Amino acid sequence: MAEPRPEVAADDAQLSELEGIEESEESCAPQREQLESTSTHDPSSNPEHLCPGDSLVPVVFPGPVNSEGCCRFACELLKHIMYQRQQLPLPYDQLTVFYSKPSPQAEDMMRKKAERSYRKFQQALLELEGILSHLESLFARTLVPRVLILLGGSALCPKEFYELDLARLALGRMGQSLSTSACLRRLFRALFMADAFSELKAAPAMGTIVMAQGHRECGEDWFRPKLNYQVPKRGHKLTVTLSCGGPPIPDSAWDDYIWFQAPVTLKGFRE
Amino acid sequence: MDGDQRPHMAPPAPTLPGVTGSSPHWGPPPGFSPCGPAPPPNKVTCPESTGGSPELGKVAGGADGAAPPPGVLESLTPVSSQSRHCGERAERTPAAPSRDAPPGPCLPHSAPLPGAAPAALTVVRRSPLGLVLLVLLPHGGAAAAGGGLRRPPGPPAAPGRGKEKVAAPIPRKRPSSPPACPPPPPPARPLFSPPLGLPPRRGDWERGREGESPGSAGRGPEVTPPPAGLGGGHGPSSSGSRGQAVWRQIRTASEGLGGGMDEAVGDLKQALPCVSESPVINVEVHLRCNSTAKREDIKLSVVKLLNRHNIVFGDYTWTEFDDAFLSRNVQSVSIVDTELKVKERQPIDLSKCTLALHVFQLNEEGPSSENLEEESENIIAANHWVLPAVEFHGLWESLVYDVEVKSQLLDYVTTTLLFSDKNVDSNLIAWNRVVLLHGPPGTGKTSLCKALAQKLTIRLSCRYQYGQLIEINSHSLFSKWFSESGKLVTKMFQKIQELIDDKEALVFVLIDEVESLTAARNACRAGTEPSDAIRVVNAVLTQIDQIKRHSNVVILTTSNITEKIDMAFVDRADIKQYIGPPSTAAIFKIYLSCLEELMKCQIIYPRQQLLTLRELEMIGFVENNVSKLSLLLSEISRKSEGLSGRVLRKLPFLAHALYIQTPTVSVEGFLQALSLVVDKQFEERKKLSTCIG
């Protein structure tokens, strides 16, 4: 729970938030209409704070998914964003093949390259791998309603950030849920259709911070709890909302879910 | 329970250290009744106390070691009857009715006594001991008697007794004389975290003392409470002491009446608005980095912990807890900054204080850099920390100053926030949110800025979710292109403006070595300064004027060479604090903290307790087995005078490196090495100056 604050301040904050939503709904309307054409889902129930210039990619799955699937969505999105925003020189899967099992040619190339930068690549890759595996264990521990990927600056004021909203997904049992790869295809299709990355300027190498919401009592010990954390209001934002078409879960259900921050910052690197 | 965890807990009153009379400044005189300084029961606040007065009278009589003389009961009867007697007593004891008034200094008395007002000298006789108090009254009569009013309200003289006149005030009869007067909280206190008042409670030893001789008991709580509030609180505000007096009165009454009063007192306490004005003790609760518990639960548990401890001596930290919940979630619970104003450790009665709990968790990530993008290059213009940061933890405590720099800075920000909150028209009363610390290098100016930012973030955690510290690299704001520097400064401040726009954050802008950004502009008239530098100064000045409108920003600046700074900037600084090299006392404190750390790390082994300077003073610097090492340390401190804080903090390291080189060393061996290294330091300095000369 957040700290008790003076009531007046809390009221003000609520007020401004409400105002913010009204404004943004007006200003974002044309953009959203365009995005909605790619999807049948109506995002008007979305309670998120939207600013002009932020974009929203709603994705609707035709049935329940499983928790491993949720984890895959988050991991794949992280890999994709890091590549798209020029923090990785190659897509992650190619990089792992390229660097972990160096072929003779690659070995030669590495020798030509400065030893130092090679070590830097390896370090960055290891860190990314670490985050991916810890994300997996976090998803196994607790429901994760939201994941944030923050690029540049600090966790509180990033240059740009990406939010994955999983709160409206329905979880099904193993046999009854949709296949994860089909869902992934649908997710990435929506991303490409929305053309979310094309208009962004080329990014310099910067730090990437991963945050995820989890239950207060989930016993997570690698991710650091950030009790006071609030999703930044500034910076370029892209929200990806996943849902299964069901009714939205009331916000109060997530009261006991707090933000966790990965203790490492992924450093972007280029060739 | 956890007896081992509270070495600073007061033992039962009769064995209280200091009561034996070695510290006259806080021990009430022998024979001083527990209800002594408390004003008599006040009808408005505690009507039930009327019934308690006979018992109170008995207590007072017992304290004096004599049968209650005529007049004891009279003096302890409630206000109404007392005011009836006022007129009669006025000729004899003009100051007596002032007990009705709250004992705060400079409190105006509503009804000056006939005949008392013009008196400059008042004689108060106290019958059982036959003593006469001379109270010096400045103009205003009883109203302006100040601290002198807070004498133990002995029964007024019985007619015909105690004729002796004492020519001067007896100091030991005035335990609450002005120097030791309880500093009431600053008026701004209610702004900060909603104070968590403790319910009235009576701990074990307190309960025990009801039965025993009240003459020896009750001394603990009578001592002046420590400073409170954000700034350690001080100043002539009577409200705090009034609230305290009323509270004390209620306690006294409830003790007289027995346990049945407890609930009534609890109700009363809630009903009384002035109770919240009792001194505020700041308690910082440092959460473990993996704690996910709710703040409310933490606060409840900490209040429970503090409830078990009645008296603490000065600042104190708990790091081990019996409660599994606390030990799982909390790293430490510290009572902090009670010693900012009052140099010595003082016992604090927690039950009489309002506790302000500040729960915080440290941010582990280091600084991120704030970039300014130019066409071709990327300039790292600032380092940026999210507070409270691990890096600055403990920095505040490590800084030792003689003058009350720290509390002044805290008070300054308190006032700033109060003025902003009350919407004081800044056209009429201007303040710029700029603090300038100047002084010789190595005195901890930059550290103090960082520590202050950290401290305020923790203190104000109920208002602001987090703090941001932006340390501007002033050199990087000068562009290689002519006339671009001013624009870079503007760009930098635009970034800061973005951070300020987030009203959840308290933003500190630290400009180190500010003379490089605000070099005196008149120097350029001589043609030695390029005009680009003038543009930088202009940009900084206008940007500061822009920023000051926002309530959640403080600009901290430091400088070594104040004469080089532009006057327009110096004018804008609200506080221009000189930070000088430490005095002998401060040096002693610094060395002591260094030795403490080395003993903790077992480099100095076996552990030996060293005395503080205050304790040395108390034993009169007499050399014996206990004080030998401490005296040696004080000798070294005297020798080290003139060295800066930065040098002092590295001397223990150098002492080990140059003269010891073994994994463990005794305290004595270490002190000898320290002494040698101090000599060496001065020798080096001399050589350096002769080289340059």
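Everything numeric in this text was worked out from a predicted model, so none of it was measured. Lettering of chains follows the sequences in order, A, B, ..., and the numbering in each one begins at 1.
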*Asks:* Not counting sequence neighbours, which residues clear side chain to side chain contact (heavy atoms under 4.5 Å, CB included) with Glu127(A)? List them please.
*Replies:*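 Testing Glu127(A) for side chain to side chain contact (heavy atoms under 4.5 Å, CB included), a comparison that skips the adjacent residues, returns Gln123(A), Leu266(A), Lys267(A).
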*Asks:* Establish, from distance only, whether the side-chain atoms of Glu365(B) and Gln261(A) form a donor-acceptor pair under 3.5 Å.
*Replies:*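 Yes, a side-chain donor-acceptor pair sits under 3.5 Å.
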*Asks:* Which of the residues Glu498(B), His384(B), Lys503(B) is involved in the greatest number of heavy-atom pairs with chain A at under 4.5 angstrom?
*Replies:*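 Sorted descending by pairs with chain A, the first entry is Glu498(B).
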*Asks:* Please output the residues of residues 147-158 of chain A in contact with chain B, using a heavy-atom cutoff of under 4.5 Å, in numerical order.
*Replies:*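 Within residues 147-158 of chain A, the residues that come under 4.5 Å of chain B (heavy atoms only) are Gly153(A), Ser154(A), Leu156(A), Cys157(A).
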*Asks:* Hey, is Asp501(B) close enough to Arg234(A) for a salt bridge, meaning N to O under 4.0 Å?
*Replies:*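 Salt bridge absent between Asp501(B) and Arg234(A).
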*Asks:* With sequence neighbours left out, write down each residue that passes side-chain hydrogen bond (donor to acceptor under 3.5 Å, both in side chains) with Lys455(B), or none if nothing qualifies.
*Replies:*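 Checked Lys455(B) against side-chain hydrogen bond (donor to acceptor under 3.5 Å, both in side chains); matches are Glu284(B), Asp337(B).
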*Asks:* Are His236(A) and Phe161(A) close enough that their ring centres sit under 6.0 Å apart?
*Replies:*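 Distance test on ring centres: not under 6.0 Å, no.
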*Asks:* Could you tell me which residues in residues 136-143 of chain A have at least one non-hydrogen atom under 4.5 Å from a non-hydrogen atom of chain B, sorted by residue number?
*Replies:*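 Those residues of residues 136-143 of chain A which would need a heavy atom under 4.5 Å from chain B do not exist here.
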*Asks:* Counting only heavy atoms closer than 4.5 Å, note whether Tyr229(A) contacts chain B via side chain, backbone, both or neither.
*Replies:*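 It is neither, since no heavy atom gets under 4.5 Å.
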*Asks:* Is the shortest distance from a Lys or Arg side-chain nitrogen in Arg463(B) or Asp421(B) to a carboxylate oxygen in the other one below 4.0 Å?
*Replies:*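 Answer for the salt bridge query: yes.
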*Asks:* What part of Thr292(B) is in contact with chain A, defined as an atom under 4.5 angstrom from a non-hydrogen atom: side chain, backbone, both or neither?
*Replies:*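 Contact with chain A: backbone and side chain both.
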*Asks:* Picking from Phe73(A), Tyr92(A), Tyr162(A), Phe197(A), what satisfies ring pair (Phe, Tyr, Trp, His ring centres under 6.0 Å) with His80(A)?
*Replies:*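 Between His80(A) and the candidates, ring pair (Phe, Tyr, Trp, His ring centres under 6.0 Å) is satisfied uniquely by Phe197(A).
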